[in-house]
2 protein chains.
Amino acid sequence: MGKGITIEDVASAAGVSRQTVSRVMNQSPRVSPEARTRVEQAIAALGYVPSLAARSMAGGRSRLLLAVFESPSPETQATLGLDRLLPAGTLACSPHGYRLLLEPIAPESAPAASDAQLAATIGAVQPDGAILLPPLDSRADLRAALESRKVPVQTLHGTGAPVENPGEAAAQHLLDRGHRQIGFITGPSDPGHAEYCLAGYRSALARKGSRAHRHFVAEDRPDLGDVLDLARAWLVPTIRPTAIITMRSEAALAVLHVAQALKLAVPRDLSLIALEDDPALARSHPPVAALHDPAPDRFAAACTRMITALENRDAPRSDPPVSAITLTERASLARAPRAI
Amino acid sequence: MGKGITIEDVASAAGVSRQTVSRVMNQSPRVSPEARTRVEQAIAALGYVPSLAARSMAGGRSRLLLAVFESPSPETQATLGLDRLLPAGTLACSPHGYRLLLEPIAPESAPAASDAQLAATIGAVQPDGAILLPPLDSRADLRAALESRKVPVQTLHGTGAPVENPGEAAAQHLLDRGHRQIGFITGPSDPGHAEYCLAGYRSALARKGSRAHRHFVAEDRPDLGDVLDLARAWLVPTIRPTAIITMRSEAALAVLHVAQALKLAVPRDLSLIALEDDPALARSHPPVAALHDPAPDRFAAACTRMITALENRDAPRSDPPVSAITLTERASLARAPRAI
DNA sequence: TTGAAAGCGCTAACAG
DNA sequence: CTGTTAGCGCTTTCAA
């Protein structure tokens, strides 16, 4: 079909010069309504799409944004979730005519190596901006490599409030519902993240004066038997947690199973929250509440911020609020049965 | 640092014309060794990187490949694994100076809608080729939309042998080790994929005359209790499977737990294979064997094939073999204990 | 409000 | 083997 339709084709079809077509595409106000209409019709009729490369050369703007992320190594099994991040970001960019370009960075790469890599990319594509995805957003060397070459940087944090700690958020939800004896089971994957969430949980409990974190913190093991044993050890005694937070969804399911085997009703006798959502959680009986990670939304927001900053290079724009961690409430949640 | 270094800068630094620089970059043989050396030194010294946009305009080749994938909808939780696919593809492209561009397609999108979307992308970036990622590789409308606009298409299949069926591969491994009573537990996610794997398992067993598939096929349930019950129902009787295949890694762990509780030794009395690998499988006791999905390698191979096809537009290139599904053997595997 | 001219950085033709 | 001449499709800058 339409092969090689250029601005020139549109111009002659509309009976104007290419400048006028260009002005219409670039939202310039200095075009008469009639001319604009004719051009728009010609564009639609011909199925014209301006060439990114040509616009990039002539205008100095590539309309390309770099999505800089850490490429997963065999051991770093930390799931980044690109499956959902990338479509969200792409969707946010496309209405503005922007596109995302991938830039995987090897984990723990030497600053010099990643600097060279970024230099090559910047030279080749001259991106208008870059989004540093976690956990890369804390790498000062990458940010410096980008900014020293005049590439503006955004992260998922935006300019708003700092991101909540998932462990803290879950603990707070339970504290708000009256729970004090709250247990926490970390996941075996990604020690750094586990430590981070655990710290959040601890500080939330400490704020309320609960000491549960001294008794009810345990590490998740890959062996199902270990998790089941752990759950039994916590739930059989009279003094037991009224709520448990698990990092892995599987661990939540295992705890649920033990509770039911012990004739403890969920959520009446025990509330459950997983820090990671999974379809299986929604389908279990009862369904288990989980924290919803808004990373895709925050990535989309970062792209939008980048683009608005690029377009209105001066206007005092106020960034929309950063979406926060939300809890997907399911039947595994109830108020604490009583004060213990 | 280096801002706006062009071919012209390199040319004057090396004391040649830009054409010579261009020839060096494009591997043209028609350059004297001395000139080549001086140009290469100048390139290195200046940190010159040619502009993709300019090369695209002048040469007609964008050096951009479209990665067309299905954007995951809330329900279509089928994990595509972009986390590992994309870095692998990027790595395969970059040594050739190519880059990947994302093209998410909404699931079950109307052919007209995705055609329009692809038309817009093709017009804007004029990709040199496109890789259709599963499950999109079977959508004839997408392939047509691409090819009618002269965009060559590749899939993960390559030109080699068709991809193995994971269910069949796992069953075959066990059959080869003498097992006949082989159970199969499907995953609750992605019914289509489950059906596909199950069919492969069935045909493998049928070939060997085993009838186990009439007795030992079950559907995985999100409730852990259900899976544990299922495992007990299979393993308590005297006539029981000597091997079990599970689609989800969690189910394999659950079966392992039940077996051990029943004093069945794994792998002596029961062999286990999961169709999906997971770090937890490697860390359990004993570690559980799993099929290794070579999708990232096959994606990288598809990119390489695309690029070689693009470069030697005529040469009768023979594609390297497509990597097959491999089994990550772990201690959960043994020969069948006896004929039953 | 519009058009004409001049490139952006590179490669494809040609000459030498 | 090397340099020269034209553009690629668009936006910018300047005139009209």
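All values below were derived from every heavy atom in this structure, side-chain atoms included, with hydrogens, water molecules and symmetry-related copies excluded. Given the structure is predicted, the values throughout are model-derived calculations rather than measurements. So you know, we letter chains A, B, ... as the sequences are listed, proteins then strands, and number each from 1.
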Practice item. Could you tell me whether B:S17 contacts a base, only the sugar-phosphate backbone, or nothing, with contacts defined as non-hydrogen atoms closer than 4.0 Å? Key: base
Check your understanding: In whole angstrom, what separates B:D9's CG from C:dC10's C1'?
Key -> 13 Å
Review point. Taking the side chain of A:Q19 as its heavy atoms from C-beta onward, which of C:dG3, D:dT2, C:dT1 lies nearest to it?
Key: C:dG3
Review point. What distance do A:E103 atom CD and A:I131 atom CD1 have between them, rounded to the nearest 0.5 Å?
Key: 13.5 Å
Exercise for review: Nearest whole angstrom, please: distance from the C1' of D:dT2 to the CD of B:E34.
Suggested key: 13 Å
Exercise for review: Go ahead and write out DNA chain C as dot-bracket, 5' to 3': ( ) for pairs within the strand, [ ] for ones crossing earlier pairs, | when the partner sits on another strand, dots for unpaired; Watson-Crick or G-U wobble, both distances under 3.5 Å.
Suggested key: |||||||||||.||||
Check your understanding: Using a cut-off of 4.0 Å on non-hydrogen atoms, how would the nucleic acid contact of A:R55 be classed: base, sugar-phosphate, or nothing?
Key -> sugar-phosphate
Review point. Name the one of B:L66, B:L146, B:V68 that satisfies side chain to side chain contact (heavy atoms under 4.5 Å, CB included) with B:V153?
Key: B:L146
Check your understanding: Rounded to the Å, how far apart are A:E8 CD and D:dC10 P?
Key -> 9 Å
Review point. Between the side chains of B:R36 and B:T20, is a donor N or O closer than 3.5 angstrom to an acceptor N or O?
Key: no
Exercise for review: Starting at atom CD of A:Q126, determine the distance to atom P of C:dC8, rounded to an integer number of angstrom.
Suggested key: 13 Å
Check your understanding: What parts of residues 56-63 of chain A reach DNA chain D, counting only heavy atoms under 4.0 Å away?
Key -> A:M57, A:A58, A:G59
**Study point:** 5′-ward residue of the pair B:V49/B:R23 relative to DNA chain C
**Key:** B:V49
Check your understanding: Cut-off 3.5 Å, side chains only: do B:T90 and B:R99 have a donor facing an acceptor?
Key -> no
**Study point:** Rounded distance (Å) that lies between atom P of C:dC8 and atom CD1 of A:I7
**Key:** 19 Å
Review point. Is B:R139 salt-bridged to B:E108, going by a charged N under 4.0 Å from an acidic O?
Key: no
Check your understanding: Could you state the interatomic distance from NE2 (A:H96) to CD1 (A:I307), rounded to the nearest 0.5 Å?
Key -> 5.0 Å
Review point. Would B:R84 and A:D83 pass as an ion pair if we require N to O under 4.0 Å?
Key: no
Point to revise | Rounded distance in Å - CG (B:L46) to P (C:dG9) | key: 14 Å
Point to revise | Interatomic distance where CD belongs to B:Q27 and C1' belongs to C:dT11 [whole Å] | key: 15 Å
Check your understanding: Would one find a side-chain N or O of A:S51 under 4.0 angstrom from OP1 or OP2 of D:dC8?
Key -> no
Practice item. Under the salt bridge (charged side-chain N to carboxylate O under 4.0 Å, His left out) rule, collect the residues that match up with A:R18, sequence neighbours excluded. Key: A:E8
Point to revise | Student check: side-chain heavy atoms of B:Y98 and B:L64 closer than 4.5 Å | key: no
Practice item. For A:A35, answer base if it contacts any base atom (sugar-phosphate contacts may also be present), sugar-phosphate if it contacts only those atoms, and nothing otherwise; contact means non-hydrogen atoms under 4.0 Å. Key: sugar-phosphate
Check your understanding: Does OP1 or OP2 of C:dT2 have a side-chain N or O of A:T20 closer than 4.0 Å?
Key -> no
Check your understanding: Between A:M25 (CE) and D:dT11 (C1'), how many Å, whole number?
Key -> 9 Å
Point to revise | Any donor-acceptor N or O pair under 3.5 Å, side chains A:Q126, A:S62 | key: no
Review point. On DNA chain D, nearest-nucleotide positions of A:P50 versus B:P33: which is more 5'?
Key: B:P33
Check your understanding: With respect to the side chain of A:N26, which nucleotide from C:dG9, D:dT2, D:dT11 is positioned closest?
Key -> D:dT11
